[in-house]
Amino acid sequence: MINRREFLLSSVAMGTMALAAPQLAFAQDKLTILGSVPSLGFPFFVHMLNQIKAEAQAQGVNLVESDGQNSAPKQTADIEAALVQKVNAIVISPLDVNALAPAIEQAIQAGVPVVTIDRRVDGVEGILAHVGADNVKGGEAEAQAMVAAFPNGAKIFHLQGQPGAGPAIDRNKGVHNVLDPMKDKYQIIFEQTANFARAEALSVTEAGLAANGKPDAIICANDDMALGAVEACAARNFTDVKIYGFDALPEALVAVRDGKLAGTVEQFPGEQSRTAVQIAVAYARDKTEPKEKLVLLTPIVIGKDNLDKAERLGETK
């Protein structure tokens, strides 16, 4: 049986093929960092990686870009390939809180500083810092906005995020923190994961509507799922269902402005990304320790009345 160390060493060789050679042909006099996100199939992570890239340019460092393609083995291989190429730091939003732990532990043991962003990893000591949103508070804010809209009670659908993802776990906890003590008045009549995906949310919501009838509100763990739920409700002409998303994507902000979404939670991913790169580069350059190991931004709910607070409002059409 192959042991963990042998597995990690053997997978390094495989991982070197995961990142294209031209990406790694950098000038040797500049620091190089790896920026890794779970999947560029999600607009949220496209924005996050773009912000990592912008801050890397501002800091004067090279960037290796990694698209995890929604695969823990792919993201793991990208980390291992970057270690072989001797990157100076890693900024990563890990797909899964557990599955990425061995690769991140390997990086730390190799002396490469790691800053996690948006999504945490569990059970690994020595991570330089974590920068993210307080997703528990975000889930609480989302549920509280719904409660404020229905002071006399409501029947609710709840679409959860990808199992194993830190934000999904925390947002779910936040929603239940608010609603569970009031479950006689605010009843979750349908609750299921749609894996943060719009098409899956459309089909999941359709199934929920068929089995349970029309709810008063739908709380979703991200905007893609919320927009899928909007489609499902629109197909049945249920235009008065209040639907809440999370991430404040430009498309969701337009939907809020147009009344299709009741609200979306802003977690400031650009600020998260820039802060994470700043921390990683400062340590890689001169061992400057971050002032805080845990940097959590407080999310806010964006509705029609405070659209100007949204980080990406300028990207809307």
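Count residues from 1 along the sequence. Computation of the quantities below employed the complete heavy-atom set of this structure, encompassing side-chain atoms and omitting hydrogens, waters and symmetry-equivalent molecules.
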**Student:** If you compare all heavy atoms of Tyr244 against all heavy atoms of Ala217, which two are closest, and at what distance to 0.1 Å?
**Tutor:** CE1-CB, 4.5 Å
**Student:** Under the rule for side chain to side chain donor-acceptor pair (under 3.5 Å), what residues qualify as partners of Glu315, not counting sequence neighbours?
**Tutor:** Arg312
**Student:** Gln192: what forms a side chain to side chain donor-acceptor pair (under 3.5 Å) with it, not counting sequence neighbours?
**Tutor:** none
**Student:** Honestly curious: do Phe190 and Phe196 fall in one hydrophobic cluster under the side-chain, below-4.5 Å linking rule?
**Tutor:** yes
**Student:** Is it the case that the side chain of Ser93 and the backbone of Ile117 share a donor-acceptor pair, with hydrogens and angles ignored and the cut-off at 3.5 Å?
**Tutor:** yes
**Student:** Give the C-alpha distance, both sets of side-chain angles, the deciding distance and a yes or no for side-chain contact (heavy atoms from CB on, under 4.5 Å) between Thr264 and Leu253.
**Tutor:** CA-CA 7 Å; Thr264 180; Leu253 297 173; 4.0 Å; yes
**Student:** Would you mind reporting whether Ile90 and Pro113 have side-chain heavy atoms less than 4.5 Å apart?
**Tutor:** no
**Student:** Are Val241 and Met146 joined in one hydrophobic group, where the rule is that I, L, V, M, F, W and Y side chains link up if heavy atoms are under 4.5 Å apart?
**Tutor:** no
**Student:** Taking 4.0 angstrom as the limit, do Arg198 and Glu251 come out as a salt bridge?
**Tutor:** yes
**Student:** Could you give all pairs that pass the salt bridge (charged side-chain N to carboxylate O under 4.0 Å, His left out) test and reach residues 174-193, with sequence neighbours left out?
**Tutor:** none
**Student:** Would you check if Glu311 and Pro269 make a side-chain contact, meaning some heavy-atom pair closer than 4.5 Å?
**Tutor:** yes
**Student:** Checking Asp247 now: which residues fulfil side chain to side chain donor-acceptor pair (under 3.5 Å) with it, not counting sequence neighbours?
**Tutor:** Gln267
**Student:** So, taking the atom named CD in Gln85 and the one named CD in Glu80, what distance separates them when rounded to the nearest 0.5 Å?
**Tutor:** 13.0 Å
**Student:** Could you tell me whether the side chain of Ile156 reaches within less than 4.5 Å of the side chain of Asp216, counting heavy atoms only?
**Tutor:** no
**Student:** Any sub-3.5 Å donor-acceptor pair from Asp223's side-chain atoms to Leu249's backbone N or O?
**Tutor:** yes
**Student:** Indicate yes or no for a side-chain donor-acceptor contact from Asp67 to the backbone of Gln69 under 3.5 Å, with no hydrogens or angles considered.
**Tutor:** yes
**Student:** Report the distance from atom CZ of Arg119 to atom CG of Asn135, rounding to the nearest 0.5 Å.
**Tutor:** 9.5 Å
**Student:** Any chance you could lay out the side-chain contact (heavy atoms from CB on, under 4.5 Å) test for Asn98 and Val121, step after step, and finish with the verdict?
**Tutor:** CA-CA 6 Å; Asn98 297 308; Val121 288; over 6 Å; no
**Student:** Could you check whether any side-chain N or O of Arg171 sits under 3.5 Å from a backbone N or O of Ala221, counting only pairs where one atom can act as donor and the other as acceptor?
**Tutor:** yes
**Student:** If hydrophobic clusters are built from ILVMFWY residues whose side chains come within less than 4.5 Å, do Leu40 and Met48 share one?
**Tutor:** yes
**Student:** How close do Ser66 and Asp78 get, heavy atom to heavy atom, and via which atoms?
**Tutor:** OG-OD2, 2.7 Å
**Student:** Considering only NZ, NE, NH1 and NH2 on the basic side and carboxylate oxygens on the acidic side, decide whether Lys309 and Glu266 come within less than 4.0 Å.
**Tutor:** no
**Student:** For Lys293, check side chain to side chain donor-acceptor pair (under 3.5 Å) against everything at least two apart and list the hits.
**Tutor:** Glu289
**Student:** Atom CG of Asn62 and atom CG of Leu31: how far apart are they, to the nearest 0.5 Å?
**Tutor:** 8.5 Å
**Student:** Rounded to the nearest 0.5 Å, how far apart are OG of Ser273 and CD of Glu55?
**Tutor:** 9.5 Å
**Student:** Counting only heavy atoms not in Lys214 (residues, nucleotides, ligands), do more than 12 fall under 6.0 Å from its NZ?
**Tutor:** yes
**Student:** Could you give the distance from CG (Leu209) to CG (Asn212), rounded to the nearest 0.5 Å?
**Tutor:** 8.0 Å
**Student:** Tell me whether Leu159 shares a hydrophobic cluster with Phe150, the cluster being built from Ile, Leu, Val, Met, Phe, Trp, Tyr side chains joined at under 4.5 Å.
**Tutor:** no
**Student:** Is any side-chain heavy atom of Phe246 closer than 4.5 Å to one of Cys220?
**Tutor:** no
**Student:** Write down the atom of Ala232, the atom of Glu206, and the distance for their closest heavy-atom approach.
**Tutor:** CB-CG, 3.9 Å
**Student:** Do Leu100 and Ile79 touch side chain to side chain, with heavy atoms closer than 4.5 Å?
**Tutor:** yes
**Student:** Among the clusters formed by ILVMFWY side chains lying less than 4.5 Å apart, do Phe44 and Val301 turn up in the same one?
**Tutor:** no
**Student:** Check the pair Thr32, Leu63 against side-chain contact (heavy atoms from CB on, under 4.5 Å), reporting the backbone distance first and the verdict last.
**Tutor:** CA-CA 6 Å; Thr32 298; Leu63 177 69; over 6 Å; no
**Student:** Counting N and O atoms only, with roles assigned by atom type, does the side chain of Asn306 sit under 3.5 Å from a partner on the main chain of Gly303, one being a donor and the other an acceptor?
**Tutor:** yes
**Student:** If you take all heavy atoms of Thr76 and Ala99, which pair is closest and at what distance?
**Tutor:** OG1-O, 4.2 Å
**Student:** Counting only N and O atoms by type, is there a donor-acceptor contact under 3.5 Å from the side chain of Asn172 to the main-chain atoms of Ala168?
**Tutor:** no
**Student:** Do Cys233 and Asp240 have side-chain heavy atoms sitting under 4.5 Å apart?
**Tutor:** no
**Student:** Can you check side-chain contact (heavy atoms from CB on, under 4.5 Å) on Leu179 and Val147, steps first, answer last?
**Tutor:** CA-CA 8 Å; Leu179 297 183; Val147 168; 3.9 Å; yes
**Student:** Val277 versus Ile33: any side-chain heavy-atom pair under 4.5 Å?
**Tutor:** yes
**Student:** Quick test of your reading: applying salt bridge (charged side-chain N to carboxylate O under 4.0 Å, His left out), list the pairs with at least one residue in residues 121-139, sequence neighbours left out, ordered by first then second residue.
**Tutor:** Arg120-Asp122
**Student:** Do side-chain atoms of Thr205 reach the backbone of Leu202 as a donor and acceptor pair under 3.5 angstrom?
**Tutor:** no
**Student:** If we only count heavy atoms from C-beta on, is the Phe268 to Ile300 side-chain gap below 4.5 Å?
**Tutor:** yes
**Student:** So, for Gln75 and Pro38, which heavy atoms are closest and what is the spacing to 0.1 Å?
**Tutor:** NE2-N, 3.9 Å
**Student:** Output the distance between atom OG (Ser71) and atom CG (Asp96), rounded to the nearest 0.5 Å.
**Tutor:** 11.0 Å
**Student:** If you look at every heavy atom in Leu95 and Gln162, which pair is closest and at what distance?
**Tutor:** CD1-OE1, 3.6 Å
